[in-house]
Every structure is written in C-alpha cells, then in structure tokens.
Peer 1: 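Here it is: the structure, laid out below.
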Amino acid sequence: MGEKKKLAIVGATGYTGQELTRILAVHPSARISIMTSRQNTGEAYADLFPSFKGYDLPTLTQYDPARLRSVDLAFFCLPHAESMEAVGKAHDLGVKAVDLSADFRLRVKKVYEKWYGPHSRGDLLKKAVYGLPELYREKIKKAQLVANPGCYPTGVILGVAPLLSAGVAGPGRIIADMKSGVSGAGRKGTLALSFCEVNEAFRAYNLYAHRHGPEMEQELSAALGKKASVTFSPHLAPMNRGILGTIYLALTKKLSSSALREVLAEAYLDEPFVRVLPVGDLPCVSRVRGTNFVDLAVTASPDGKEAIVVTAIDNLVKGASGAAVQNMNLMLGLPETEGLLSPPLRP
C-alpha cells in the first residue's frame, strides 16, 4: 500500500465535520492531518467528542490557507456565505477542495444571490463541478473544486433524473415532498430544534422558500433538456438522521411500475451506491442509516399517467459527508467505494 493521502477538514466540529471524521478515521488510504475550529482551537478532538478516543487525530487549529499546501485535498464544512472566501483562498493556492456548503452549487451568480446573498467568488461558480458522481463522475475526477450537493437535492435528483432523461416523465411540475431528521438543520441549537419542540412533532417549514429548490431545478432542468419546475415541501421529522422523499411526477406515456423501475435499474446498473428496489418494496430511512446508499422505488398510478418515486438517504452520509468522501476518492484516484462500505447503523 502506498503512502496515505493527507487531508484537511476545515470546520471539523459540526455534524458534517464529525461525520467526515468518523469515515476518514478508518479510511485505508487517507489520513486526517489538519482539523480546524474557530471556537475550539488548541483542543484535542476526542476531548470534545469522546467517541473518538483512541483515534490518531490532530489537535484543532485555526484555519490558515497556506497550511493546506501540505495536504492532498481539503474538505470545507463552513456555513453558507462564509465558505466562499475560505475555499477561494485555497483554490488560488492550487489546493483540491470539496465544499460542503451551498456556495458553489448554483452555476449562475444571480440565482445564488437571490437565495443566499452576495457572492464574492463568482469567478469560481462555472469552474466548480457539481458533486453527484452518478451524473458527473468524469468531471469530478478532473476537478480542483467540487461543490458537494445538498441533502434534499440528492434524494430528489437521483430519484427523478433518469426518468426525465429517458423522456418517460415531465415536463410538468414535479412535486417533491421531503422529510428530514433534525441533524439536517446543523449542530447549532435553537429553541425550535430542542428536544421538547421536536420530539413527537412533525411539521412542514420554509414552503416556497427553501434554498434547495433552485438546486433541484438546476439539475433536473439539465436532465430534462428544458426548464424543470419543482414544488418542494420540506418537513422536519422527529428523528436524528435520514431523509425520506416522496416525489410525484407526470408521465409522458402510459407505463407500468415494472417498466419505470427498469428505466431506473438500467440508469444505475453500475452505480455502487444506488439500490433500485423491487416493485412493491418501498425505501425506509432505517435501512440506509449510517451508509452512503440511496434506496429508490417507483410506483405507477393505475391509469399509468403519473408516478410516485420514493427515495431514502442518510442526510449526513450520502446527503453530505459520505458523498464528499466519494468525491474525494474520485479526485485522488482512489477506488470510489473505499472507506464507504460500512453496514447500516442499527437500530
């Protein structure tokens, strides 16, 4: 075995940073050599998160882009609108980067600024590759900057894109009804995310106002070859992790569930992390918890005019950090599945 790839995690103490650490701490071809945190500089990672005791991890430091010259790739787990400057400085130094924020997912600066605010590194928007290997694998392999997808869009895009590309669905409005665990909101606590507010509760939020909507439309428009319209309704579910998607779309011709499943199965035949379930077997978030898999199923209506696609992912793994490691493997010439084949977390 050759020398391990050196990695940096910028913003290592949030949920995505912790999940990256969980995966990379046992990755056979990688070693975490830099971990940064503004609030916890100088502290040992295992002192903050005792579950990591016994692992060889560096002490937390402040972010210094010059230090990234010593690594093969850096992950950025910083808030939206803050990541762009840190990533930009690393990019200017020639550092390969996977950004887990939304700062480079949208290709049009005007669209980004409508949803997130000013963008100071618009010069990088067209250079960044959208990090869904199932759609952009060859571009990811050659990329210096990969924009890791959002968790909700991952479930929607992977569930629907092949049906649009094959011309069997669309171009009518797509309805994406999505339910996420609380970790999708990040580690920073608020009253609305406290235990008593979330436990035994289930609610919709940010209707017609969630920032992942334009990301879905961007990628589904590319799959359809024309403008795709998505009505996205996110919900907060009383669970730690996982996203279940129920996506409704019109068909262009009368098709059975079996015929639609065949379209998905053919599209994902060689994809290591996409599992197309048999007709009648519907995805469940507990089956993918802690894994990089996405489970998909499609059911046609009795009249064959519309269909429901159901998807399940772990929002912290395939929806964030697992996808980031999958992208890293591709960018560094490692086996794509390496470090990502752990069994699900049960119960």
Peer 1: Regarding Asn148 and Asn327, do their side chains bring together a donor and an acceptor under 3.5 Å, going by distance alone?
Peer 2: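 Yes.
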Peer 1: If you apply the rule side-chain contact (heavy atoms from CB on, under 4.5 Å), what do you find for Val146 with Phe104, and how did you get there?
Peer 2: CA-CA 8 Å; Val146 166; Phe104 298 97; over 6 Å; no
Peer 1: Test side-chain contact (heavy atoms from CB on, under 4.5 Å) on Thr41 and Leu60 and set out the steps.
Peer 2: CA-CA 5 Å; Thr41 298; Leu60 292 163; 5.8 Å; no
Peer 1: Quick one, Pro238 and Glu200 - any side-chain contact, counting heavy atoms below 4.5 Å?
Peer 2: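 No, side chains not in contact.
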Peer 1: About how many Å separate CG of Leu68 and NZ of Lys89, when rounded to the nearest 0.5 Å?
Peer 2: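 Rounded to the nearest 0.5 Å, the NZ-CG separation comes to 11.5 Å.
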Peer 1: For Lys127, is there any backbone N or O sitting under 3.5 Å from a side-chain donor or acceptor partner on Gln144?
Peer 2: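 Side chain of Gln144 to backbone of Lys127: no pair is present.
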Peer 1: Check the pair Arg137 / Glu271 against salt bridge (Lys or Arg N to Asp or Glu O under 4.0 Å), numbers first and verdict last.
Peer 2: CA-CA 11 Å; Arg137 179 172 285 106; Glu271 291 299 335; 2.6 Å; yes
Peer 1: For residues Ser101 and Ser83, report the shortest heavy-atom separation together with the two atoms involved.
Peer 2: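 Scanning both residues, the minimum pair turns out to be OG-CB, 3.3 Å.
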Peer 1: Donor-acceptor pair, distance only, cut-off 3.5 Å: does the side chain of Thr252 make one with the backbone of Gly167?
Peer 2: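 Yes; judged by distance alone, with no hydrogens or angles, the pair exists.
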Peer 1: Heavy atoms, side chains only, cut-off 4.5 Å: are Val71 and Lys5 in contact?
Peer 2: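 No, side chains not in contact.
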Peer 1: Would Asp92 and Arg121 count as a salt bridge (Lys or Arg N to Asp or Glu O under 4.0 Å) if you check the C-alpha gap in whole Å, the side-chain angles of each, and the deciding distance to 0.1 Å?
Peer 2: CA-CA 11 Å; Asp92 294 343; Arg121 293 304 304 260; 3.1 Å; yes
Peer 1: Run the ring pair (Phe, Tyr, Trp, His ring centres under 6.0 Å) test against Phe52 and tell me which residues pass, sequence neighbours left out.
Peer 2: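 Partners of Phe52 by the ring pair (Phe, Tyr, Trp, His ring centres under 6.0 Å) criterion, ordered by chain and then number, come out as Tyr45.
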Peer 1: Could you tell me the separation between the CD atom of Gln39 and the CG atom of Leu48, rounded to the nearest 0.5 Å?
Peer 2: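 Nearest 0.5 Å value for the CD-CG distance: 10.5 Å.
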Peer 1: If only atom types and distance count, is the side chain of Thr59 paired as donor or acceptor with the main-chain N or O of Glu43 below 3.5 Å?
Peer 2: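 Pair absent, no side-chain N/O of Thr59 close to backbone of Glu43.
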Peer 1: Does one hydrophobic cluster hold both Met35 and Phe76, with members joined at side-chain heavy-atom distances below 4.5 Å?
Peer 2: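 No; Phe76 is not reachable from Met35 via cluster members.
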Peer 1: How close do Val95 and Ala74 get, counting heavy atoms only, and between which atoms?
Peer 2: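 Minimum heavy-atom separation between Val95 and Ala74: CG1-CB, 4.3 Å.
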Peer 1: Could you check if a side-chain atom of Ile9 sits within less than 4.5 angstrom of a side-chain atom of Ile34, using non-hydrogen atoms only?
Peer 2: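 No, their side chains stay 4.5 Å or more apart.
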Peer 1: Going by atom type alone, with no hydrogens or angles, which donor-acceptor pairs under 3.5 Å involve a side-chain atom of residues 152-161 and a protein atom two or more places apart or on another chain?
Peer 2:
residue : atom : partner : partner atom : Å
Tyr152  : OH   : Tyr205  : OH           : 2.9
Tyr152  : OH   : His235  : O            : 3.4
Thr154  : OG1  : Gly150  : O            : 2.9

Peer 1: Could you pull out the closest heavy-atom pair between Tyr15 and Leu316, with the gap in Å?
Peer 2: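 Minimum heavy-atom contact is CB-CD2, 3.9 Å.
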Peer 1: Are Val294 and Leu330 co-members of a hydrophobic cluster defined by side-chain heavy atoms under 4.5 Å apart?
Peer 2: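 Linked within one cluster.
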Peer 1: Looking only at atom types and distance, does a side-chain atom of Ser301 sit under 3.5 Å from a main-chain N or O of Glu306, one as donor and one as acceptor?
Peer 2: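 Judged by distance alone, yes, a pair lies under 3.5 Å.
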Peer 1: Please report the C-alpha distance between Ser120 and Glu85 in whole Å, then the side-chain angles of each, then the deciding distance to 0.1 Å, and finally whether the side-chain hydrogen bond (donor to acceptor under 3.5 Å, both in side chains) criterion is met.
Peer 2: CA-CA 7 Å; Ser120 61; Glu85 283 296 328; 2.4 Å; yes
Peer 1: Tell me whether Asp281 is salt-bridged to Arg261, with the criterion being a basic N under 4.0 Å from an acidic carboxylate O.
Peer 2: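 Between Arg261 and Asp281 there is no salt bridge, as every charged N stays at least 4.0 Å from the carboxylate O atoms.
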Peer 1: Look only at the side chain of Ser221 and the backbone of Glu217, and say whether a donor-acceptor pair between them is shorter than 3.5 Å.
Peer 2: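 At least one qualifying donor-acceptor pair exists.
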Peer 1: Would Leu264 and Ile174 show up in the same hydrophobic cluster when neighbours are defined by side-chain heavy atoms closer than 4.5 Å?
Peer 2: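 Yes, Leu264 and Ile174 fall within the same hydrophobic cluster.
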Peer 1: Does Ser321 use its side chain to pair, donor to acceptor, with the backbone of Glu19 at less than 3.5 Å?
Peer 2: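 Looks like no, no N/O pair under 3.5 Å.
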Peer 1: Report all side-chain donor-acceptor pairs from residues 106-113 shorter than 3.5 Å, counting only partners two or more places apart or in another chain.
Peer 2:
residue : atom : partner : partner atom : Å
Arg107  : NH1  : Glu219  : OE2          : 3.1
Arg107  : NH2  : Tyr136  : OH           : 3.3
Arg107  : NH2  : Glu219  : OE2          : 3.0
Tyr112  : OH   : Asp103  : OD1          : 2.6
Glu113  : OE2  : His119  : N            : 2.9

Peer 1: Could you tell me the separation between the CD1 atom of Ile308 and the CD1 atom of Ile247, rounded to the nearest 0.5 Å?
Peer 2: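 The CD1 atom of Ile247 is 10.5 Å from CD1 of Ile308, to the nearest 0.5 Å.
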Peer 1: Do Leu340 and Phe273 come close enough that some side-chain heavy atom pair is under 4.5 Å?
Peer 2: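 Yes. Closest side-chain heavy atoms under 4.5 Å.
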Peer 1: Check whether any side-chain heavy atom of Val309 lies under 4.5 Å from a side-chain heavy atom of Leu249, and answer yes or no.
Peer 2: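 They are in contact (side-chain heavy atoms under 4.5 Å apart), so the answer is yes.
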Peer 1: Within this structure, what is the CD-CG distance for the pair Gln326 and Leu132, rounded to the nearest 0.5 Å?
Peer 2: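 Going from CD on Gln326 over to CG on Leu132, the span is 8.5 Å.
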Peer 1: If I compare all heavy atoms of Pro162 with all of Val263, which pair ends up nearest, and what's the gap?
Peer 2: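 So the minimum-distance heavy-atom pair works out to O-CG1, 3.9 Å.
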Peer 1: Evaluate the side-chain proximity of Tyr268 to Leu296: yes if any heavy-atom separation is below 4.5 Å, no if none is.
Peer 2: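 A side-chain contact exists here, since the closest heavy-atom pair is under 4.5 Å.
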Peer 1: Assess whether side-chain contact (heavy atoms from CB on, under 4.5 Å) is satisfied between Lys114 and Arg211, documenting all intermediate values.
Peer 2: CA-CA 10 Å; Lys114 175 183 176 181; Arg211 292 165 167 178; over 6 Å; no
Peer 1: Say whether Ser233 and Asp177, considering side chains only, have a donor N or O and an acceptor N or O under 3.5 Å apart.
Peer 2: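 A donor-acceptor contact under 3.5 Å links the two side chains.
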Peer 1: State plainly whether one hydrophobic cluster holds both Leu269 and Val279, where clusters connect Ile, Leu, Val, Met, Phe, Trp and Tyr through side-chain heavy atoms under 4.5 angstrom apart.
Peer 2: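 Different hydrophobic clusters.
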Peer 1: Give me the atom names and distance for the closest heavy-atom approach of Pro283 to Leu277.
Peer 2: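 Answer, listing the atom of Pro283 first, then Leu277: N-CD1, 3.7 Å.
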Peer 1: Go through Thr299 and Leu282 one step at a time and tell me if the side-chain contact (heavy atoms from CB on, under 4.5 Å) criterion holds.
Peer 2: CA-CA 9 Å; Thr299 304; Leu282 298 178; 4.2 Å; yes
Peer 1: Please give me the minimum heavy-atom distance between Gly339 and His27, naming the atom from each residue.
Peer 2: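 That would be CA-CD2, 4.0 Å.
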Peer 1: Asp72 side chain to Lys6 main-chain N or O, any donor-acceptor pair under 3.5 Å?
Peer 2: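 Flag set: sc Asp72 to bb Lys6 pair under 3.5 Å.
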Peer 1: Is Asp314 paired with Arg241 through a side-chain N to carboxylate O contact shorter than 4.0 Å?
Peer 2: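 Answer for the salt bridge query: yes.
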Peer 1: Checking Tyr130 against Glu215: is there a side-chain donor and acceptor pair closer than 3.5 Å?
Peer 2: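 Distance-only check passes for Glu215 and Tyr130.
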Peer 1: Around atom NZ of Lys142, are there more than 12 heavy atoms from other residues, nucleotides or ligands closer than 6.0 Å?
Peer 2: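 12 or below, so no.
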Peer 1: What is the distance from atom CG of Leu73 to atom CG of Asn329, rounded to the nearest 0.5 Å?
Peer 2: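 Rounded to the nearest 0.5 Å, the CG-CG separation comes out at 10.0 Å.
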Peer 1: Using a strict cut-off of less than 4.0 Å between a Lys/Arg side-chain nitrogen and an Asp/Glu carboxylate oxygen, indicate whether Glu3 and Arg31 qualify as a salt bridge.
Peer 2: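 Looking at Glu3 and Arg31, the cut-off is not met.
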Peer 1: Check for a donor-acceptor pair, side chain of Lys96 on one end and backbone N or O of Met331 on the other, with a separation under 3.5 Å.
Peer 2: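 Such a contact is found between Lys96 side chain and Met331 backbone.
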Peer 1: Could you tell me whether a side-chain N or O of Ser37 sits under 3.5 Å from a main-chain N or O of Gly11, the two making a donor and an acceptor?
Peer 2: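 No.
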Peer 1: Output the distance between atom CE (Met178) and atom CG (Asn315), rounded to the nearest 0.5 Å.
Peer 2: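 Here the interatomic distance stands at 10.5 Å.
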Peer 1: Can a side-chain donor-acceptor contact be found between Thr36 and Gln62 if the only test is distance below 3.5 angstrom?
Peer 2: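 Side-chain D/A pair, Gln62 to Thr36: absent.
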Peer 1: Is any side-chain heavy atom of His212 less than 4.5 Å from a side-chain heavy atom of Cys151?
Peer 2: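 The answer is yes; the side chains approach within 4.5 Å.
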Peer 1: If we only count heavy atoms from C-beta on, is the Ile32 to Pro58 side-chain gap below 4.5 Å?
Peer 2: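 In contact.
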Peer 1: Within the supplied structure, the quantity of interest is the number of heavy atoms (other residues, nucleotides, ligands) at a distance under 6.0 Å from Asp303 CG; does it exceed 12?
Peer 2: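 It does: Asp303 CG has more than 12 such atoms within range.
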Peer 1: Backbone N or O of Ala323 within a donor-acceptor pair of the Asn292 side chain at under 3.5 Å?
Peer 2: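 Yes; at least one donor-acceptor contact below 3.5 Å.
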